[in-house]
Amino acid sequence: MVNNTMKLTFPSKSQNEAFARIVVAAFASQLDPSIEELADVKTAVSEAVTNAIIHGYENTKGDIVIEAKLKDNNILEVIVKDFGKGIEDIEKAKEPLFTTKPELERSGMGFTIMENFMDSLSIDSYPGKGTTIRMVKAFKSLKDQE
Amino acid sequence: MEITLKKRKNTLLVNVFGELDHHNADYIRDKIDERLKTNAVKHVILDFSKLDFMDSSGVGMILGRYKKIKAKHGKLVVANLTPQVRRVFEISGLFNIIKEFKSIKEAFDYIEEV
C-alpha cells in the first residue's frame with residue numbers, strides 16, 4: 001500500500017514551472033501510472049503553477065506551495081497554493097477562452113485543461129489573500145491491473 | 001528548449017525541441033515573429049516531432065501566430081504531434097482552426113496546392 005505525502009515551496013519564477021511539474025510527476029510515479037496519466041498530471045500542474053505566477057502574483061515575487069498525497073494505491077491529490085491577488089470571479093475564470101490577459105497571448109484554457117486532465121478540480125480564492133487549487137486523479141491503469 | 005527555422009519558398013518550417021510553456025513561449029514567439037515581419041514568409045509549418053511537452057501557454061503562442069499569418073492570407077499548419085501535445089490541441093479546440101499532418105512532406109504539399 002503506497003501512502004505518501006510531499007510538500008514543496010518555491011518562488012514564483014517561470015523557470016520553476018518545469019521544475020514543479022517534473023517534481024509532482026516524479027512523486028506520482030511511485031504509484032507506477034501510465035505515461036499518458038503522468039503527462040496529464042504534468043500538464044495540469046503546469047497550468048496551476050503558471051496561473052499562480054501570471055495571475056496570482058502578476059510576475060512579482062511570492063511563494064508557491066505544492067502539497068501532494070498518494071493514497072489507496074491509485075489516487076493522487078495535488079494542491080497548488082499562492083498568496084497573491086486571488087480570483088475575482090471563479091466561474092468566469094473557468095470559462096474556456098476567458099482570460100484577463102489577452103495582451104500576453106494567454107489562451108484562457110488553463111482551467112479547462114486542469115478539469116479535463118484530472119478527475120476533479122476545486123478552486124478556493126479570496127481577493128487579496130490568494131488562491132488554492134486542489135486536483136485529484138485516480139490512476140485507472142492501476143485499477144485495471146488488479 | 002531549442003528552435004530551428006528554415007525557409008523553403010515562402011514557407012517557414014519551425015522545429016521546436018523540448019518543452020513549450022510560459023517560461024519559453026515568448027522566446028519562441030519572438031523567433032518566429034522576426035521572420036514573419038518580412039514578406040518573404042507567408043506560410044508556417046510547425047514541426048512538433050521533438051516537442052515533448054506543451055501547455056496552454058503554447059496554445060496562446062500558436063493562436064497569436066495563427067492570427068498574424070491569417071492576416072497575411074497565409075496558412076499555419078502543424079506536423080508530427082506527440083501524444084501529450086495532441087491532447088492539449090484537442091481539448092483547447094486548436095484542431096478547429098489548425099490542420100495537422102503526419103509528415104512535413106504532406107504539410108508542404110497541402111500549402112503548395114492552395
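Every value quoted in this text rests on a predicted model; they were computed, and no experiment measured them. Worth knowing before you read on, the calculation uses all heavy atoms, side chains too, and leaves out hydrogens, waters and symmetry mates. Proteins get letters first, then strands, A, B, ... in listed order; numbering begins at 1 in each.
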If you count heavy atoms of other groups shown closer than 6.0 angstrom to [atom1] of [X], is the number above 12?
| X | atom1 | result |
| --- | --- | --- |
| A:Lys129 | NZ | no |
| B:Lys7 | NZ | yes |
| A:Glu88 | CD | no |
| B:Asp30 | CG | yes |
| A:Ile35 | CD1 | no |
| A:Lys85 | NZ | no |
| A:Lys101 | NZ | yes |

Which portion of [X] sits near chain B, non-hydrogen atoms under 4.5 angstrom:
| X | result |
| --- | --- |
| A:Ile53 | side chain |
| A:Thr50 | side chain |
| A:Ile54 | side chain |

What's the spacing between [X] [atom1] and [Y] [atom2] if we round to 0.5 Å?
| X | Y | atom1 | atom2 | result |
| --- | --- | --- | --- | --- |
| A:Met109 | B:Leu94 | CE | CG | 8.5 Å |
| A:Asn116 | B:Arg87 | CG | CZ | 7.5 Å |
| A:Leu38 | B:Gln84 | CG | CD | 11.5 Å |
| B:Ser57 | A:Glu105 | OG | CD | 10.5 Å |

For B:Arg29, which atoms come within 4.5 Å of any heavy atom of chain A: side chain, backbone, both, or neither?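 Side chain of B:Arg29 only, per the 4.5 Å heavy-atom cut-off to chain A.
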
Could you list the residues that satisfy side-chain hydrogen bond (donor to acceptor under 3.5 Å, both in side chains) with B:Ser92, not counting sequence neighbours?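 So B:Ser92 forms no side-chain hydrogen bond (donor to acceptor under 3.5 Å, both in side chains) with any residue.
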
Same apolar cluster (I L V M F W Y, side chains within < 4.5 Å links), [X]/[Y]:
| X | Y | answer |
| --- | --- | --- |
| A:Phe117 | B:Leu20 | yes |
| A:Phe98 | A:Ile87 | no |
| A:Ile66 | A:Ile75 | no |

B:Ser56 and A:Arg106, any side-chain heavy atoms less than 4.5 Å apart: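 Sidechains of B:Ser56 and A:Arg106: in contact.
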
Output, in order, the C-alpha distance, side-chain angles, deciding distance and verdict of side-chain contact (heavy atoms from CB on, under 4.5 Å) for A:Ile113 and B:Asp55. CA-CA 8 Å; A:Ile113 287 176; B:Asp55 63 16; 5.8 Å; no

Considering non-hydrogen atoms only, spot the tightest contact between A:Thr43 and B:Met54 and give its length.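 Scanning both residues, the minimum pair turns out to be CG2-O, 4.2 Å.
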
Please output the residues of residues 12-22 of chain A in contact with chain B, using a heavy-atom cutoff of under 4.5 Å, in numerical order.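 Counting heavy atoms that sit under 4.5 Å from chain B, the residues of residues 12-22 of chain A involved are A:Ser14, A:Gln15, A:Glu17, A:Ala18, A:Arg21.
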
